[in-house]
Amino acid sequence: MPIRQLPGHLVNQIAAGEVVERPASVVKELVENSLDAGASAIVVDIQSGGQKLIRVRDNGSGIPKDEMELALARHATSKITSIEDLQAVASLGFRGEALPSISSVARLTLCSRISAGDSAWQVEADKGVVSSPRPAAHPAGSTVEVHDLFYNTPARRKFLRTERTEFNHIDKWVRRLALARPDVAFTLTHNRRTVLKLASATDDDGRLQRVSRICGEAFATQVVFIHREDEDIALSGWLGLPTFNRSQPDLQFWFVNGRSITDKTLRHAARHAYRDVLFQGRFPAYVLSLSMDPALVDANAHPAKHEVRFRDGRRVHGMVSQAIEYALSETRPGGHAVVPLASVPARSNAPGQRWMPLAGGGAPSSAAVAEAIGAYRALAGPRPAGEAVAVADAVDVPPLGFAIAQLAGVYVLAENADGLVIVDMHAAHERIVYEKLKGSFDTKEIVRQPLLVPVTIAVSESEAVLADEQADQFSRLGLVISPGGPTSIVVREVPALLNQADVEGLVRDILSDLQAADRSNQVEDACHELLATMACHHSIRANRSLTLDEMNALLREMETTDRADQCNHGRPTWTNISMAELDRLFLRGR
């Protein structure tokens, strides 16, 4: 066949194959255009799962009359003008393909009015033919209506799912975009029934309320707010507590400069930060936003803009992982507040908890504890039914209170200002011992041990090249490797702590991580796994009788130990039953 130029309409339909996968893709592109136009309120109306009608209305800046037809032309955009703009994209859309691609597979109507305009103007597009602008009635802003999606491409229409499934995809994307922009009000309707209505949120409480509406109240009541800035990179958002985990990664939201994305580097960084506090096979939940210089991130890495590429992925990974790990280290009694707060100094106590550990970091003496308990008892005393305990302001009561008994040789019972505290003594002590072992290990240089017989590992050519390029990285991890040929590498030294480990499996895992995220924590994780086993074997066992002094010392150490809310395996170490809950159990005050 001779080479010939493709018709413009066919070119648009080919482009639509990348941009318009299903009705949700249309909604995403149109809502992103509204956000780029500065809209503060967006209404999305859907009929028949988006196959019959998709209407997106906004109160943004609008489009002038003389640019209406140009808005439906391919590669026409107001968002970039040069290669420098493309290398530092600050808007959600920039290719100028969305509207013409949509109009090539549907009947599209665009109506818009600028704020200074006397009237609105409307154009229609069908099969690549755009009508001339004509006057219309419309407030300031724009409305795009998409009718009969894929009516002229039956092969694409055949692959659409049921109305309910397609609308669920639309609902998911609207919620994602609403999480990215809490300052914008969103309304979503389906078949004239309001499904989602979100008011704009400009303060911390409003933003948390939006997270609650989208991710669920259970998540919003078990989160810690994180905010960290590192030169030209800022990370903020909400981290689900380790006790709030999922069987699937379905509550993991990443936003980079306001763009909802899925990124292997960011997911790996978050998974690594949660490694010490989750059950095996469970997934954390979080809503996190990364703000950075647009020149440091390539938003043009995916046709549908679902992925980005970082200029320095290793730095981003390290910053994100350390920030999340630091925030999770405060998950201990009195160490964090489950409300959105500004960045707080290390070891700050939650509001209302004025207990401070001793300067030396040790537990208080028996006499000090006895004196504090006596003062607490004198103030608490007998109280009328339903009356709250209000002694924390008069006596410095620590978050876990004071031990009163041991139950079945397994649990420590304590009383604090709120009510009853129950502590799993083995799980709590396991975390304390593990953090001490980690602290000792992490502050020392990794000791290497030469192998009597070097291990030769068969790898692919690309892995052999990668291993040679990353030899310094392997050395920092305690592994000395050298090329063994074009498709093999030789391991000559390993970390002394891992001398009995599966060396070949460890090296293959490291290579896999280096290919996926440009860095690896396999050696650190393997060493920590051994330390966790040591901590488990050297912790207090069940049925061991503890004195009150020992129980109080355990409580005080928990309050100064990072991640003390969970043991090394992700199990909770303590829980609190308030006096109000106890009163309800026994029907007091009724």
Side-chain angles (χ1 to χ4, degrees), residues 1-34 44-58 63 67-77 93-112 121-134 136 138 142-174 188-192 302-306:
M1 295 177 62
I3 299 173
R4 56 181 179 268
Q5 192 78 35
L6 288 174
H9 183 58
L10 183 56
V11 171
N12 283 343
Q13 287 190 327
I14 293 173
E18 296 181 340
V19 177
V20 186
E21 179 185 357
R22 62 196 326 155
S25 307
V26 175
V27 172
K28 172 184 177 292
E29 295 290 344
L30 297 181
V31 172
E32 287 183 344
N33 279 347
S34 296
V44 181
D45 298 317
I46 305 296
Q47 289 186 22
S48 302
Q51 298 179 46
K52 184 176 180 181
L53 172 67
I54 297 172
R55 181 191 297 118
V56 177
R57 293 177 291 166
D58 67 61
I63 304 173
E67 296 179 11
M68 293 286 286
E69 294 180 74
L70 193 58
L72 293 171
R74 289 200 70 209
H75 306 307
T77 179
F94 52 89
R95 294 195 184 104
E97 290 185 1
L99 290 179
S101 296
I102 295 169
S103 67
S104 69
V105 292
R107 297 184 175 92
L108 184 144
T109 301
L110 169 62
C111 186
S112 185
W121 296 89
Q122 179 175 304
V123 294
E124 297 174 353
D126 187 11
K127 296 180 181 179
V129 179
V130 182
S131 67
S132 299
R134 57 186 176 84
H138 193 281
S142 302
T143 295
V144 180
E145 291 186 0
V146 178
H147 296 268
D148 303 323
L149 185 63
F150 298 137
Y151 79 98
N152 57 351
T153 51
R156 297 290 302 277
R157 192 179 186 94
K158 183 175 63 176
F159 282 95
L160 292 179
R161 302 303 180 187
T162 64
E163 176 181 321
R164 182 182 183 87
T165 300
E166 294 300 338
F167 178 74
N168 285 341
H169 284 284
I170 293 172
D171 182 61
K172 181 191 76 171
W173 265 112
V174 172
L188 173 64
T189 69
H190 187 216
N191 295 334
R192 300 181 180 179
H302 190 278
K305 305 186 290 292
H306 292 163

Less than 3.5 Å apart, any donor N or O on the side chain of Ser104 or Ser101 sitting next to an acceptor on the other? no

Within the 3.5 Å criterion, strictly below it, is a donor on Glu163 or Asn191 matched to an acceptor on the partner's side chain? yes

In terms of heavy-atom contacts, Glu29 and Ala98 come closest through OE1-CB, 3.7 Å

Quick check: closest heavy atoms across Pro100 and Ala73, and the distance to 0.1 Å? CG-O, 3.7 Å

[atom1]-[atom2] distance between [X] and [Y], expressed to the nearest 0.5 angstrom:
X: Met1; Y: Ile3; atom1: CE; atom2: CD1; result: 11.0 Å
X: Leu70; Y: Ile63; atom1: CG; atom2: CD1; result: 10.0 Å
X: Thr77; Y: Phe94; atom1: OG1; atom2: CZ; result: 9.5 Å
X: Trp121; Y: Cys111; atom1: CH2; atom2: SG; result: 11.0 Å
X: Ser34; Y: Asp58; atom1: OG; atom2: CG; result: 3.5 Å
X: Gln47; Y: His190; atom1: CD; atom2: NE2; result: 8.5 Å

Flag side-chain contact, heavy atom, 4.5 Å: [X] against [Y]:
X: His169; Y: Thr165; result: yes
X: Leu53; Y: Arg55; result: yes
X: Val44; Y: Val31; result: yes
X: Gln122; Y: Leu110; result: no
X: Pro23; Y: Ile54; result: yes
X: Ile102; Y: Leu30; result: yes
X: Val144; Y: Val146; result: yes
X: Glu69; Y: Pro133; result: yes

Determine yes or no for a side-chain-to-main-chain donor-acceptor pair under 3.5 angstrom, with [X] supplying the side chain and [Y] the backbone.
X: Ser25; Y: Val20; value: no
X: Asp126; Y: Arg107; value: no
X: His147; Y: Ala106; value: no
X: Glu145; Y: Thr109; value: no

Are Arg156 and Glu21 within salt-bridge range, i.e. N to O under 4.0 Å? no

For a side-chain contact (heavy atoms from CB on, under 4.5 Å) check, start with the C-alpha distance between Val105 and Phe150, then their side-chain angles and the critical distance, and finish with the verdict. CA-CA 5 Å; Val105 292; Phe150 298 137; 3.9 Å; yes

Under the side-chain contact (heavy atoms from CB on, under 4.5 Å) criterion, do Ser142 and Arg57 qualify, and how do the steps go? CA-CA 6 Å; Ser142 302; Arg57 293 177 291 166; over 6 Å; no

Partner of Glu166 under side-chain hydrogen bond (donor to acceptor under 3.5 Å, both in side chains), picked from Gln51, Arg22, Arg161, is Arg22

Determine, stepwise, if the pair Arg134 / Glu124 fulfils side-chain contact (heavy atoms from CB on, under 4.5 Å). CA-CA 10 Å; Arg134 57 186 176 84; Glu124 297 174 353; 3.0 Å; yes

Val26 vs Ile170, test: side-chain contact (heavy atoms from CB on, under 4.5 Å). Steps then yes/no. CA-CA 9 Å; Val26 175; Ile170 293 172; over 6 Å; no

Give me the one residue out of Leu188, Thr189, Val56, Thr143 that meets side-chain contact (heavy atoms from CB on, under 4.5 Å) with Asp45. Thr189

